[in-house]
Amino acid sequence: MNTNRHPTAFLAFLILVGGVPFANAQEAGSPGSAVLAENCLVKYINNVNIPSEVDGKLMELEVEEGMELEAGTTIAVIDGTAARLALNLRLAEEKVAQLQAANEVNLQDAKNTKKLADAEALSFRELLSQNAVPKYESMKKDLEAIRAGLRIELAEREKKIAEAQYIAKRNEREIAEFEIRRRTVTAPFAGFVEKRIAQLGEWVQPGSPIITLVQLDRVRVEGDINIIALGRNIGRGTNVTVRIQRGPGGDLEIPGQIGFVSSEVDLRKRNRIWVEIENQRDEFGGWVIKPGMQAEIEIRP
């Protein structure tokens with residue numbers, strides 16, 4: 001073949017002889033070469049609209065856009081007047097139930113009555129043996145002793161019911177306390193206030209978003225890779241190098257490991273993968289890596 005006259009045909013011939021199309025050469029690679037994933041972007045791990053769990057007037061709003069919050073930081077407080085009044089009622093009811101559960105007066109009285117009834121029954125049986133009293137009088141005292149025993153059982157049962165009622169009232173009090181806690185909205189994770197949605201004094205409903213909170217101390221880089229064409233196993237724990245493209249500032253290289261490989265293969269025979277990496281601070285105290293940035297995931301041999 002004259003390669004000077006037909007350079008294009010010669011190049012096509014070399015590609016076909018190699019057995020791997022040129023478009024997939026970088027992706028397929030060889031067992032000892034590095035491979036780049038496609039369509040890599042930096043994404044949030046957590047990007048959540050923090051909602052109200054109850055309805056009511058927004059009495060306090062502690063955050064502004066741009067603030068960084070620790071996990072558990074108070075975001076907002078919703079009017080809890082009705083909830084506090086309900087708690088006071090439940091506390092009073094719990095105290096009454098506690099006193100009733102601890103009351104053993106009826107049980108002790110029943111036990112004393114049983115002792116007296118047993119003694120009287122014994123005396124009348126002795127008198128009956130001496131023909132000093134009619135038989136029905138002795139039988140009456142025996143039945144009174146049996147009734148006194150039943151009163152003990154009744155008093156014990158009533159005490160158990162009172163103890164159960166005390167537990168129920170205690171649970172009602174705990175529910176009332178929970179309702180008050182729900183009116184204080186807190187940050188579920190450390191993050192950056194991306195957007196404030198609700199306004200101070202606004203009436204909110206359950207599920208109404210108050211702020212948008214995003215996690216920036218750790219981010220996720222996602223991409224696609226053709227595992228079948230690689231000819232080697234790729235899974236969780238595979239070492240990679242992540243490059244964050246920052247334009248004039250230069251790329252930022254961070255070593256990492258694959259944290260996820262999807263089980264689904266798309267129409268181009270690619271699997272989705274992602275790598276979680278630690279973010280870094282810039283000179284202004286902000287975050288260097290931002291969701292939406294383009295990136296590369298290089299799978300090292």
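Predicted, not measured: the structure shown is a model, and the values here were computed from it.
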Dump the intermediate steps for salt bridge (Lys or Arg N to Asp or Glu O under 4.0 Å) on R170 and E94, then the final yes or no.
CA-CA 6 Å; R170 185 177 61 192; E94 180 186 12; 5.3 Å; no
| task | Go through the steps for E62 and E60 under the test side-chain contact (heavy atoms from CB on, under 4.5 Å), then give the verdict. | result | CA-CA 6 Å; E62 305 290 343; E60 298 179 26; 2.7 Å; yes
message = What verdict does the side-chain contact (heavy atoms from CB on, under 4.5 Å) test give for I258 and I234, after you've listed the backbone C-alpha separation in whole Å, the side-chain angles of each residue and the deciding distance to 0.1 Å?
response = CA-CA 9 Å; I258 292 177; I234 299 296; 3.5 Å; yes
Run the salt bridge (Lys or Arg N to Asp or Glu O under 4.0 Å) check on E93 and R90 step by step: do they pass? CA-CA 5 Å; E93 292 176 344; R90 297 293 179 262; 3.5 Å; yes
Criterion side-chain contact (heavy atoms from CB on, under 4.5 Å) on V261 and W274, from CA distance to verdict
CA-CA 7 Å; V261 179; W274 55 251; over 6 Å; no
Q.
I'd like to know whether Q280 forms a side-chain contact (heavy atoms from CB on, under 4.5 Å) with I254, so could you lay out the CA-CA distance, the side-chain angles of the two residues, the decisive distance to 0.1 Å, and finally the verdict.
A. CA-CA 11 Å; Q280 303 176 16; I254 302 172; 4.2 Å; yes
Is there a salt bridge (Lys or Arg N to Asp or Glu O under 4.0 Å) between E298 and R243 once you walk through the steps? CA-CA 8 Å; E298 180 184 294; R243 294 187 185 89; 2.7 Å; yes
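Using a 4.5 Å heavy-atom cutoff, the side chains of I273 and F260 are not in contact. Here the side chains of F189 and L213 are in contact, with some heavy-atom distance below 4.5 Å. Using a 4.5 Å heavy-atom cutoff, the side chains of K57 and E202 are not in contact. P188 has its side chain out of reach of V48: every pair of non-hydrogen atoms, C-beta onward, lies at least 4.5 Å apart. Using a 4.5 Å cut-off on side-chain heavy atoms (C-beta onward), L58 and W203 make no contact. For the pair I277/V219, a side-chain contact is recorded, criterion being any heavy-atom separation below 4.5 Å from C-beta on. For the pair R151/D109, a side-chain contact is recorded, criterion being any heavy-atom separation below 4.5 Å from C-beta on. Residues I75 and I210 meet the side-chain proximity criterion, which asks for heavy atoms closer than 4.5 Å.
Atom CD of E65 sits in a crowded spot, with more than 12 heavy atoms from other residues, nucleotides or ligands closer than 6.0 Å. Other residues, nucleotides and ligands place more than 12 heavy atoms under 6.0 Å from the CD atom of E174. In the displayed structure, R218 atom CZ is contacted under 6.0 Å by more than 12 heavy atoms of other residues, nucleotides or ligands. Within a 6.0 Å sphere centred on CZ of R236, other residues, nucleotides and ligands contribute 12 heavy atoms or fewer. Under a cut-off of 6.0 angstrom, the local environment of CD in E264 is sparse, with at most 12 non-hydrogen atoms contributed by other residues, nucleotides or ligands. For K290, the NZ atom is densely surrounded, since the number of other residues' heavy atoms within 6.0 Å is greater than 12. Atom CD of E278 sits in a crowded spot, with more than 12 heavy atoms from other residues, nucleotides or ligands closer than 6.0 Å. The local environment of NZ in K159 is crowded, with over 12 non-hydrogen atoms from other residues, nucleotides or ligands closer than 6.0 Å.
Closest approach of L41 and G292 over heavy atoms only: CD2-O, 3.8 Å. When all heavy atoms are compared, the tightest approach of Y44 to Q215 is CD2-O, 4.0 Å. E64 approaches M67 most closely through the heavy-atom pair N-SD, 3.0 Å. Nearest heavy-atom pair across G149 and K114 is N-CD, 3.3 Å. When every heavy atom of R268 is checked against every heavy atom of N226, the shortest pair comes out as O-ND2, 4.0 Å. The two residues S52 and I78 have their closest heavy-atom pair at OG-CD1, 3.1 Å.
Here the CZ-CD distance, from R84 to E179, works out to 13.5 Å after rounding to the nearest 0.5 Å. Taken from OG1 in T241 to CG in D251, the straight-line distance is 12.5 Å, to the nearest 0.5 Å. Atom CG of residue D217 and atom CD1 of residue I45 lie 7.5 Å apart, to the nearest 0.5 angstrom. Here CG of N106 is found 12.0 Å from CD of E156. Values are rounded to the nearest 0.5 Å. A distance of 13.0 Å separates CD1 in I175 from CD1 in I180, rounded to the nearest 0.5 Å. For the atom pair CD1 of I167 and CD of Q98, the computed distance is 12.0 Å after rounding to the nearest 0.5 Å.
Using a 4.0 Å cut-off between a side-chain N of Lys or Arg and a carboxylate O of Asp or Glu, E177 and R173 qualify as a salt bridge. A salt bridge is absent between E144 and R147; no separation between the charged side-chain nitrogens and carboxylate oxygens falls under 4.0 Å. Salt bridge status for E53 with R182: present, with a side-chain N to carboxylate O gap under 4.0 Å. Remark: R272 does not engage D266 in a salt bridge, criterion side-chain N to carboxylate O under 4.0 Å. By the 4.0 Å N-to-carboxylate-O rule, E68 lies close enough to R281 to be salt-bridged with it.
When the side chains of ILVMFWY residues are joined at heavy-atom separations under 4.5 Å, either directly or via intervening members, W287 and V214 end up in a single hydrophobic cluster. The hydrophobic cluster containing L200 also contains V193, counting ILVMFWY residues as joined when their side-chain heavy atoms lie under 4.5 angstrom apart, directly or transitively. Each of L107 and Y166 belongs to its own hydrophobic cluster when Ile, Leu, Val, Met, Phe, Trp and Tyr are linked at side-chain heavy-atom distances under 4.5 angstrom. Hydrophobic clustering (side-chain heavy atoms under 4.5 Å, transitive across Ile, Leu, Val, Met, Phe, Trp, Tyr) groups I297 together with I227.
When atom types are taken as modelled, the side chain of S129 and the backbone of E126 share a donor-acceptor pair closer than 3.5 angstrom. Here the side chain of T74 pairs no donor or acceptor atom with the backbone of A76 at under 3.5 angstrom. The main-chain N or O of S262 is found under 3.5 Å from a side-chain atom of N271 such that the two form a donor-acceptor pair. A donor-acceptor pair under 3.5 Å is absent between the side-chain atoms of T73 and the main chain of L69, judged by distance alone. Side chain of N279 to backbone of L216: a donor-acceptor contact under 3.5 angstrom is found.
Shown are V288, L252, I244; of these, the side chain to side chain contact (heavy atoms under 4.5 Å, CB included) with M293 is made only by I244.
Side-chain contact annotation: N39 with D224, donor-acceptor N/O pair under 3.5 Å present.
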